[in-house]
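Just so you know, these numbers come straight off a predicted model, no measurement behind them.
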Amino acid sequence: QVHLVESGGGLVQSGGSLRLSCAASGSISSINVMGWYRQAPGKQRELAALIVSDGLTNYVDSVKGRFTISRDSVKKMVYLEMNSLKPEDTAVYYCYAVITTDQEMAVPSAYWGQGTQVTVSS
């Protein structure tokens with residue numbers, strides 16, 4: 001069983017910063033992709049940032065230049081440094097990963113964390 005657990009959310013003023021963390025645990029053979037989705041009230045969930053196994057990253061246009069995704073392969077963790085936060089960044093942020101388990105005949109599968117609330121006040 002694979003679990004993703006997020007931490008680091010909270011309340012911050014506009015222009016401030018937060019650092020989100022996500023730890024993957026369980027019977028993991030390899031982590032192909034890790035990323036952060038976010039969902040604001042009344043809106044669809046969107047992909048905010050993504051990092052693949054070779055370290056390449058992608059960001060939704062609205063966070064480019066402000067957010068930085070990184071990973072620690074040894075600790076099996078992914079981070080999201082969020083700077084210059086805006087009220088429109090307010091959302092529940094979900095850790096996402098594509099992981100291959102150590103089970104025989106396993107294939108890459110998607111996993112989700114429980115979400116962590118980020119609130120940016122004006």
Side-chain angles (χ1 to χ4, degrees):
Q1 185 76 274
V2 173
H3 293 93
L4 303 177
V5 179
E6 305 101 327
S7 62
L11 175 64
V12 65
Q13 291 184 332
S14 180
S17 299
L18 282 174
R19 184 176 189 250
L20 305 183
S21 300
C22 174
S25 63
S27 301
I28 296 171
S29 177
S30 62
I31 300 176
N32 305 84
V33 177
M34 297 192 85
W36 293 91
Y37 281 77
R38 64 183 185 178
Q39 187 167 23
K43 297 197 68 177
Q44 294 288 112
R45 190 174 298 186
E46 69 172 356
L47 179 64
L50 188 72
I51 185 166
V52 297
S53 58
D54 62 0
L56 293 176
T57 60
N58 279 96
Y59 303 90
V60 68
D61 286 345
S62 59
V63 310
K64 286 182 178 177
R66 301 188 297 118
F67 291 11
T68 302
I69 188 170
S70 61
R71 75 185 193 282
D72 184 326
S73 297
V74 175
K75 295 182 177 180
K76 299 178 182 177
M77 297 189 69
V78 64
Y79 308 93
L80 188 66
E81 293 279 358
M82 303 185 294
N83 300 313
S84 302
L85 283 162
K86 305 174 181 179
E88 51 262 46
D89 295 318
T90 295
V92 177
Y93 284 71
Y94 296 90
C95 183
Y96 168 85
V98 178
I99 292 172
T100 302
T101 68
D102 62 2
Q103 298 295 307
E104 189 173 0
M105 302 297 291
V107 297
S109 300
Y111 297 87
W112 293 90
Q114 81 286 353
T116 185
Q117 177 71 50
V118 171
T119 302
V120 184
S121 64
S122 59

Charged N to carboxylate O under 4.0 angstrom, Lys86 versus Asp89?
-> no
Aromatic ring proximity, centroids under 6.0 angstrom, Tyr93 and Trp36 | no
Arg38 versus Ala91, closest heavy-atom pair with distance | CB-CB, 3.9 Å
Can you hop from Tyr111 to Met34 via hydrophobic side chains spaced under 4.5 Å?
-> yes
Counting only N and O atoms by type, is there a donor-acceptor contact under 3.5 Å from the side chain of Ser109 to the main-chain atoms of Val107?
-> yes
In the single-linkage hydrophobic clustering (I, L, V, M, F, W, Y; side-chain heavy atoms under 4.5 Å), do Ile99 and Val33 co-cluster?
-> no
Heavy-atom closest pair, residues Leu4 and Ala24 | CD2-CB, 3.5 Å
Applied to residues 18-61, the disulfide bond (SG atoms under 2.5 Å apart) test, sequence neighbours excluded, yields Cys22-Cys95
Please check if atom CD in Gln13 has more than 12 non-hydrogen atoms from other residues, nucleotides or ligands closer than 6.0 Å.
-> no
So is Arg45 actually on top of Tyr94's ring, under 6.0 Å and inside 45° of the axis?
-> yes
Determine the minimum heavy-atom distance between Ala40 and Thr90, stating which atoms define it.
-> CB-O, 3.6 Å
Start with the C-alpha distance between Ile31 and Lys76, add both sets of side-chain angles, then the distance that settles side chain to side chain contact (heavy atoms under 4.5 Å, CB included), and finish with yes or no.
-> CA-CA 8 Å; Ile31 300 176; Lys76 299 178 182 177; 4.1 Å; yes
Single-linkage hydrophobic cluster, 4.5 Å side-chain cutoff, Val78 and Leu18 together = yes
Steps toward side chain to side chain donor-acceptor pair (under 3.5 Å) verdict (Ser53, Asn32) = CA-CA 5 Å; Ser53 58; Asn32 305 84; 5.9 Å; no
Between Met82 and Leu85, which heavy-atom pair has the shortest distance, and what is it?
-> CB-CD2, 3.8 Å
Nearest atoms (heavy-atom pairs only) where Ser121 meets Leu11 = CB-CD1, 4.3 Å
Does any non-hydrogen side-chain atom of Leu50 lie less than 4.5 Å from one of Tyr59?
-> no
Taking side chain as C-beta onward, heavy atoms only, is Leu56 less than 4.5 Å from Ile51?
-> no
Does the ring of Tyr79 carry Arg19 above it, NZ/CZ under 6.0 angstrom from centre and within 45° of its axis?
-> yes
Where do Glu6 and Gln114 land on the side chain to side chain donor-acceptor pair (under 3.5 Å) test, with the steps shown first?
-> CA-CA 7 Å; Glu6 305 101 327; Gln114 81 286 353; 3.2 Å; yes
Same hydrophobic cluster for Val2 and Tyr37, using side-chain heavy-atom links shorter than 4.5 Å among ILVMFWY?
-> no
For the residue pair Val98 and Pro108, what are the closest heavy atoms and their distance?
-> CG1-CB, 3.7 Å
Report the distance from atom CZ of Phe67 to atom CG of Asn83, rounding to the nearest 0.5 Å.
-> 8.5 Å
Can you tell me how far CD of Glu104 sits from CG of Asp102, rounded to the nearest 0.5 angstrom?
-> 11.0 Å
Can you get from Leu20 to Met77 by hopping between Ile, Leu, Val, Met, Phe, Trp and Tyr side chains that sit under 4.5 Å apart?
-> no
